[in-house]
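Values below: all heavy atoms of this structure, side chains included; hydrogens, waters and symmetry mates excluded. Each chain gets a letter, A, B and so on, in the order the sequences are listed, and its residues count up from 1.
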2 protein chains.
Amino acid sequence: MDKSKLNNFFHSLFPIQKEIVEKITETFCDFTLDKNTILLDKDTISTKTYFLEKGYMRSYILNEDNEEITTNIYYAPCFVNDFLSFFKKQPTKETYQTITECSFWQTNLENVQKNFHSIPEFREFSRLLFVINYSKLNDRVIEMASKKAETRYINLLKQQPHIFQNVPLKIIASYLGITDSSLSRIRKEISKI
Amino acid sequence: MDKSKLNNFFHSLFPIQKEIVEKITETFCDFTLDKNTILLDKDTISTKTYFLEKGYMRSYILNEDNEEITTNIYYAPCFVNDFLSFFKKQPTKETYQTITECSFWQTNLENVQKNFHSIPEFREFSRLLFVINYSKLNDRVIEMASKKAETRYINLLKQQPHIFQNVPLKIIASYLGITDSSLSRIRKEISKI
DNA sequence: ATAAGCACTTGATAAATGACAAGAAATTAT
DNA sequence: ATAATTTCTTGTCATTTATCAAGTGCTTAT
């Protein structure tokens, strides 16, 4: 039950006292999942918030042709949350699945609510997490709308090279909004240079 | 100084007492802007949070060819916020500009902070706003990654037809991630049916 | 160890979208 | 009211990406 990675995540985001972090993470429990295992299935309600301590995972939807479209790739350390489902108790649209073996910490909404309303630092942390996630997502929309696939690939490779060591190319392709054969061709083109 | 539209926005999101809403919106001041006017310029720090009471506006960035890429379209009633800039005091990447004549209510971070930490209902409201905005943005990423331009156009037309009565097509085109001539052709194709 | 199933690549071809330029239509400024 | 400016459309052609199918190599299960 070593919560150091979980606790350090709080410290890494903003200045906060050790005792307060320990109070916040008091109710978190740990578990692990094998690779290619579903953490949260679509059309279910997320009752937990998850901290990914180790590993790679993704969220995906099925399109009209029943192809999996990867909507997000997650890597430790980070919080993994279907905000709409967890906070508004709505069924998820996406399925959340591990890519590698993963270890997690989790807690439920009741504990989050208690902390949110009783610990000012946790409120600030929660909001900061939202702001950061929103901003990342916004950057991605901008890339999707303004850059061609090759540029998006190059940027991802530059910014998160480790993803290519841990996530299959077909998942990366759909995350970039292209087919796996297109990604393969783009990689071939670039390797020539 | 009729705050009814501002106040009603709170009531429309979740059950909350009239007196609490009035307390929250106490510090909001109103102003109006002409069409095509900048509300918040890129590379500046957003010191205000805005409620758009009437009108249409957008955010945009300039790409490497100095073309404006519309990143978001806003229409009343809604809150308009550059989260990263407002909460983390970072310079904005995007410029926020009115499209039609707009009327706003605004307040500053100090007031938001005071309410956030002293009024539980305002905390819940703030988080709900984040969740809803995040979820909308996520839906947009999914569309961008999985649907072709024509489908994205049809969906926007179905879901927000009023946008086409109030926002120039070239802005809508870049919001959809295509050029204005492509949008023109797509519209022509569809009108044939 | 072998077979089965995936992941990845590659070829040929088609579809979607972009680039650029010119003109029509609408809007705005004088 | 007229001119100037901006928006929208359309034509031609180029580029980007998708589709489908086949083949190779890697991983996994028995």
Answer with yes or no after comparing the ring centroid distance for A:Phe125 and A:Phe10 against a 6.0 Å cut-off, counting only values under it.
-> yes
From the list B:Thr100, B:Asn166, B:Thr98, side-chain hydrogen bond (donor to acceptor under 3.5 Å, both in side chains) with B:Tyr56 holds only for B:Asn166
Inspect the contact between A:Lys23 and A:Glu26 and indicate whether a charged nitrogen and a carboxylate oxygen are less than 4.0 angstrom apart.
-> yes
B:Phe104 ring center within less than 6.0 Å of B:Phe79 ring center = no
Ionic contact status for A:Asp139 with B:Lys93, cut-off 4.0 Å = yes
N/O to N/O distances under 3.5 Å, protein versus nucleotides 6-8 of chain D:
{"from": "D:dT7", "atom 1": "OP2", "to": "B:Lys170", "atom 2": "NZ", "distance (Å)": "3.0"}
{"from": "D:dC8", "atom 1": "OP1", "to": "B:Leu169", "atom 2": "N", "distance (Å)": "2.9"}
{"from": "D:dC8", "atom 1": "OP2", "to": "B:Leu169", "atom 2": "N", "distance (Å)": "3.1"}
{"from": "D:dC8", "atom 1": "OP2", "to": "B:Lys170", "atom 2": "N", "distance (Å)": "2.8"}

Whole-Å distance, A:Ile190 CD1 to C:dT9 C1', equals 16 Å
Walk me through it: do B:Tyr153 and B:Tyr175 pass the test ring pair (Phe, Tyr, Trp, His ring centres under 6.0 Å)?
-> CA-CA 10 Å; B:Tyr153 165 74; B:Tyr175 175 72; over 10 Å; no
Provide, to the nearest angstrom, the distance between the CD atom belonging to A:Glu64 and the P atom belonging to D:dT19.
-> 10 Å
When the distance from CG of A:Leu176 to P of C:dC8 is rounded to whole Å, what number comes out?
-> 13 Å
Write down the protein N/O and nucleotide N/O pairs, taken from nucleotides 22-29 of chain D, whose separation is under 3.5 Å; answer none if there are no such pairs.
{"from": "D:dT28", "atom 1": "OP1", "to": "A:Lys35", "atom 2": "NZ", "distance (Å)": "3.4"}

Measure the distance from CE on A:Met144 to C1' on D:dT16 and round it to the nearest whole Å.
-> 15 Å
Under a 4.0 Å N-O cut-off, is there an ion pair linking B:Lys148 with B:Glu143?
-> no
Are the aromatic rings of A:Phe130 and A:Phe83 close, with centres under 6.0 Å apart?
-> yes
With a 4.0 Å cut-off, would you call B:Lys18 and B:Glu22 a salt bridge?
-> yes
Tell me: OH of B:Tyr153 to C1' of D:dT9, nearest whole Å?
-> 14 Å
Any A:Leu156 side-chain heavy atom under 4.5 Å of A:Ile172 side chain | yes
Over how many whole Å does the gap from B:Asn36 atom CG to C:dT27 atom P extend?
-> 13 Å
Would you kindly give the NZ-to-C1' distance between A:Lys188 and C:dT9, to the nearest whole Å?
-> 8 Å
Is any NZ, NE, NH1 or NH2 atom of the basic residue among B:Lys3 and B:Asp30 found under 4.0 Å from an Asp or Glu carboxylate oxygen of the other?
-> no
Atom pairs, protein N/O to nucleotides 17-25 of chain C N/O, distance under 3.5 Å:
{"from": "C:dT17", "atom 1": "OP1", "to": "B:Ala149", "atom 2": "N", "distance (Å)": "2.7"}
{"from": "C:dG18", "atom 1": "OP2", "to": "B:Thr179", "atom 2": "N", "distance (Å)": "3.1"}
{"from": "C:dG18", "atom 1": "OP2", "to": "B:Thr179", "atom 2": "OG1", "distance (Å)": "3.3"}
{"from": "C:dG18", "atom 1": "OP2", "to": "B:Ser182", "atom 2": "OG", "distance (Å)": "2.6"}
{"from": "C:dA19", "atom 1": "N6", "to": "B:Arg185", "atom 2": "NH2", "distance (Å)": "2.9"}

